[in-house]
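Below is one structure; the comments refer to it alone.
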Amino acid sequence: MENQNLSKIFYEIAEFLEMDGVRFKPYAYKKAALSLESLKEDVFNIYKNGDNKALQKIPGVGENIAGHIEEYLKTGKIKIYEEYKKRLPLKIDELMMVEGLGLRKIKILYEKLGIKNLKDLEKSAKNHKISPLFGFGEKTEKNILQGIEFQKNNKGKMLLGEILPKAKNILEKLKNLKEVDQISLAGSLRRKKETIGDIDILVVSKKPKIVMDFFVSMPEVKKVLAKGETKSSIYTKDGFDIDLRVVSEKSYGSALQYFTGSKEHNIALRKIAIEKNLKLSEYGVFKGKKQIAGKTEEEVYKAIGLHWIAPELRENQGEIETVFKNELPELVGLKDIKGDLHCHSNWNGGKNSIEEMAEFAIKMGYEYIGISDHTKFLRIENGLNEEQLLKQNLEIKKLNEKYKNKNFRVLHGCEANIMTDGSLDIKDEVLEKLDYVIAGIHSQLKMSKNQMTERLAKAMENPNIDIISHPTGRLIGKRDEYQLDFDKILETAKNTGTILEINSSPVRLDLKDFYIRRAKNEGVKMIINTDSHEKNQLNLMEYGVSMARRGWTEKKDIINTLPVSELLKYFK
DNA sequence: GCCGTTTTCGGCCCGACTGTTTTCAGTCG
């Protein structure tokens with residue numbers, strides 16, 4: 001599928017055009033790139049089954065860009081792109097990571113000093129070659145050096161699960177100020193993206209100066225990046241940025257809407273506003289000069305003719321079209337979750353006993369917990385063999401006697417290993433005795449796409465396997481997903497009634513939002529589990545639920561929203 | 001370069017802050 005490659009090329013062409021100071025064209029190329037990125041159909045098929053005209057039916061693709069696509073499909077190259085790369089042979093991504101450097105400045109640095117990458121940039125800045133340039137200065141040069149340093153210490157973005165607890169701490173501190181009337185997280189953190197670049201906080205206050213002064217002098221602050229009456233930014237000792245905005249009460253809703261994003265969602269909303277002869281900004285919805293909405297988000301959406309949209313959906317991936325049709329899903333919530341079926345005990349690599357795990361689950365208000373320890377192939381985790389599993393089964397039966405009158409139940413499963421040929425490392429006659437079986441891939445992760453798809457599909461056809469754990473195997477920022485034909489996996493899951501896991505572990509979040517939405521569309525059932533190796537990790541459930549919400553799922557798509565009797569019906 | 005529920009031409013989201021200017025461009029979100 002060439003969609004992603006083409007999308008990347010068009011994004012880059014947009015950047016080149018922006019460097020040249022061309023107006024509006026970059027916007028067109030970016031739109032086409034975005035459109036291709038989320039296009040379900042393969043452009044090659046669209047072209048093969050139609051022609052150039054068929055390509056022009058793709059939103060954002062007109063005569064010219066269709067021509068580029070055609071050229072690419074025929075020759076593997078796009079001429080203007082190749083020319084740009086030759087003329088401006090720069091590591092744009094690398095240079096753009098430096099705060100304060102944009103495309104215009106990057107081009108000037110290349111033309112005047114021949115700077116192509118981060119290394120060149122650092123050298124020039126250290127030798128004070130940058131400050132004499134027109135439009136640059138001492139401060140810019142210093143900021144560039146600091147930006148490079150920041151990049152070195154802080155590669156990439158932070159995990160949602162790492163940053164959300166820290167953000168909540170800061171939020172609490174600000175909340176305690178008597179000058180703060182209202183407060184909320186905003187930005188990608190409020191949309192619960194799997195990785196977060198920085199923290200955005202929005203505040204209502206009649207005394208913004210006091211709030212800003214407090215904010216920039218918190219003990220967490222390492223550097224103040226900007227400070228104004230309405231907007232300040234800090235860099236913390238933990239290595240991330242926090243932006244704080246202060247607005248008045250009458251603009252709180254519109255500001256919250258605006259600062260929550262995403263950028264694409266906001267642009268779409270503003271266009272809708274313009275069509276209705278209104279203006280939408282962070283200060284409100286305006287008819288001429290008169291503000292007609294802004295106090296709450298609901299009011300803002302309503303003013304431009306829409307129902308409120310949950311932050312997790314605001315990615316301009318169809319939510320606006322869907323809200324027009326009044327067909328937005330009623331998203332699953334943390335409160336809907338009745339139990340957690342992927343939990344490890346101290347029988348293998350876990351920290352707590354089965355009883356301790358169960359007690360914690362009861363405190364969380366769950367109706368059941370499933371113990372699913374590793375099996376024997378995973379020696380490093382002390383995986384259980386057949387005999388140990390049967391022994392564990394007896395212990396769980398005994399424990400359930402204790403909970404008989406408590407409306408709580410411990411279910412017995414295991415997390416078996418899918419071997420390279422798709423078989424399991426535990427005999428079927430033992431698996432049959434368990435309440436359910438999770439199976440996952442933990443070895444030989446680099447098989448070819450065909451082999452890996454075959455391996456997983458064969459496992460799903462095993463009548464004892466109910467759930468596939470962490471189906472794509474990625475570790476965010478550390479390890480890519482397995483090579484898989486995901487459409488084939490969905491088809492097999494559907495045909496065999498196999499449930500796909502949404503693993504809540506912050507580094508996994510697997511399935512990810514994009515796949516969750518595809519699974520939902522295909523009618524494949526999912527389960528949100530934590531993969532806890534100690535009792536406190538049961539609290540990670542919120543991250544899995546966030547992914548599920550970003551994947552548009554409702555209660556009915558997620559089987560652990562069901563009471564235990566209903567749940568068991570979904571197992572083979 | 002794309003697009004049209006007033007348009008096939010004339011628009012293309014909006015505002016704050018910084019650093020460099022001396023009225024503004026670039027960057028960011």
Side-chain angles (χ1 to χ4, degrees), chain A residues 10 13-14 16-35 55-69 80 95-109 130-144 147 186-191 196-202 208 212 224-233 241-247 251 254-286 304-305 316 324:
Chain A
F10 290 145
I13 293 176
F16 284 129
L17 288 163
E18 223 165 303
M19 280 184 161
D20 279 346
V22 179
R23 312 227 304 149
F24 308 115
K25 278 194 200 180
Y27 179 75
Y29 275 94
K30 265 190 236 171
K31 235 172 81 175
L34 194 75
S35 181
L55 291 172
Q56 291 184 43
K57 294 231 168 66
I58 302 169
V61 174
E63 203 181 324
N64 232 296
I65 292 184
H68 291 327
I69 296 175
I80 58 156
L95 293 167
M96 284 286 285
M97 299 264 258
V98 178
E99 181 103 11
L101 276 194
L103 292 160
R104 302 285 295 147
K105 281 194 171 148
I106 287 173
K107 192 189 175 199
I108 294 169
L109 289 172
I130 292 174
S131 49
L133 295 181
F134 185 81
F136 293 75
E138 296 264 327
K139 267 201 148 156
T140 308
E141 191 169 82
K142 222 171 130 202
N143 281 337
I144 286 174
S188 56
L189 204 48
R190 185 161 176 247
R191 304 200 312 278
I196 304 292
D198 62 4
I199 298 176
D200 293 295
I201 298 175
L202 182 70
M212 289 305 187
V224 179
L225 302 172
K227 186 172 178 249
E229 278 280 300
T230 64
K231 179 175 164 181
S232 296
S233 298
D241 289 348
I242 308 179
D243 292 342
L244 178 70
R245 336 265 175 151
V246 179
V247 297
S251 297
S254 44
L256 186 57
Q257 191 291 310
Y258 176 65
F259 292 124
T260 297
S262 65
K263 196 176 165 185
E264 290 74 23
H265 177 87
N266 287 354
I267 289 173
L269 290 195
R270 286 189 169 171
K271 284 187 178 160
I272 292 170
I274 290 168
E275 280 165 23
K276 294 191 189 308
N277 237 338
L278 300 168
K279 189 183 76 169
L280 170 62
S281 78
E282 56 259 56
Y283 297 106
V285 181
F286 295 87
I304 59 169
N316 198 26
F324 268 125

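Source: prediction; values computed, not measured. Values below: every heavy atom of this structure, side chains too, minus hydrogens, waters and symmetry copies. Lettering of chains follows the sequences in order, A, B, ..., and the numbering in each one begins at 1.
The residue L17(A) sits apart from the nucleic acid: no heavy atom pair falls under 4.0 Å. At the heavy-atom level, L101(A) lies under 4.0 Å from the strands shown only through sugar-phosphate atoms. Within 4.0 Å of P59(A), counting heavy atoms only, lie sugar-phosphate atoms of the nucleic acid but no base atom. Note on R245(A): only backbone sugar-phosphate atoms sit closer than 4.0 angstrom, heavy atoms only; bases stay farther off.
With C1' as the reference atom, dC2(B) and dT21(B) are 36 Å apart, rounded to whole Å. For the P atoms, the distance from dG4(B) to dG15(B) is 25 Å, rounded to whole Å. dC3(B) and dT8(B) have their P atoms separated by 16 Å, given to the nearest Å. A gap of 15 Å separates the P atoms of dC28(B) and dT20(B), to the nearest Å.
When the side-chain hydrogen bond (donor to acceptor under 3.5 Å, both in side chains) test is applied to T230(A), no partner is found at least two apart in sequence or on another chain. Under the rule for a side-chain hydrogen bond (donor to acceptor under 3.5 Å, both in side chains), D198(A) has no partner lying at least two apart in sequence or in another chain. For N266(A), the side chain to side chain contact (heavy atoms under 4.5 Å, CB included) partners at least two apart in sequence or on another chain are Q257(A), Y258(A). Taking the side-chain hydrogen bond (donor to acceptor under 3.5 Å, both in side chains) definition, one finds that S233(A) meets it with D243(A), sequence neighbours left out.
Each salt bridge (Lys or Arg N to Asp or Glu O under 4.0 Å) pair with one or both residues in residues 254-281 of chain A, not counting sequence neighbours, appears once here: R270(A)-E282(A).
Between K25(A) atom NZ and dC3(B) atom P there is a gap of 15 Å when expressed in whole angstrom units. When rounded to the nearest whole Å, the span between CD1 of I144(A) and P of dG26(B) equals 15 Å. Atom-to-atom, CD1 of I108(A) to C1' of dT20(B) comes out at 12 Å; the value is rounded to the nearest Å.
For K105(A), the listed nucleotide lying nearest its side chain is dG26(B); candidates were dG29(B), dG26(B), dC2(B).
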Look for any protein N or O under 3.5 Å of an N or O in nucleotides 13-18 of chain B and output each such pair with its distance, or none.
from: dC13(B); atom 1: OP2; to: Y27(A); atom 2: OH; distance (Å): 3.0
from: dC13(B); atom 1: O2; to: R270(A); atom 2: NH1; distance (Å): 2.3
from: dC14(B); atom 1: O4'; to: R270(A); atom 2: NH1; distance (Å): 2.4
from: dG15(B); atom 1: OP1; to: K279(A); atom 2: NZ; distance (Å): 3.1
from: dA16(B); atom 1: OP1; to: Y283(A); atom 2: OH; distance (Å): 3.0
from: dA16(B); atom 1: O3'; to: T230(A); atom 2: OG1; distance (Å): 3.2
from: dC17(B); atom 1: OP1; to: T230(A); atom 2: N; distance (Å): 3.4
from: dC17(B); atom 1: OP1; to: T230(A); atom 2: OG1; distance (Å): 3.0
from: dC17(B); atom 1: OP1; to: K231(A); atom 2: N; distance (Å): 3.4
from: dT18(B); atom 1: OP1; to: K227(A); atom 2: N; distance (Å): 3.0

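Nearest-nucleotide positions on DNA chain B place H68(A) closer to the 5' end than the other of H68(A) and F136(A).
When Watson-Crick and G-U wobble pairs are counted only if both distances are under 3.5 Å, dT27(B) pairs with dA16(B).
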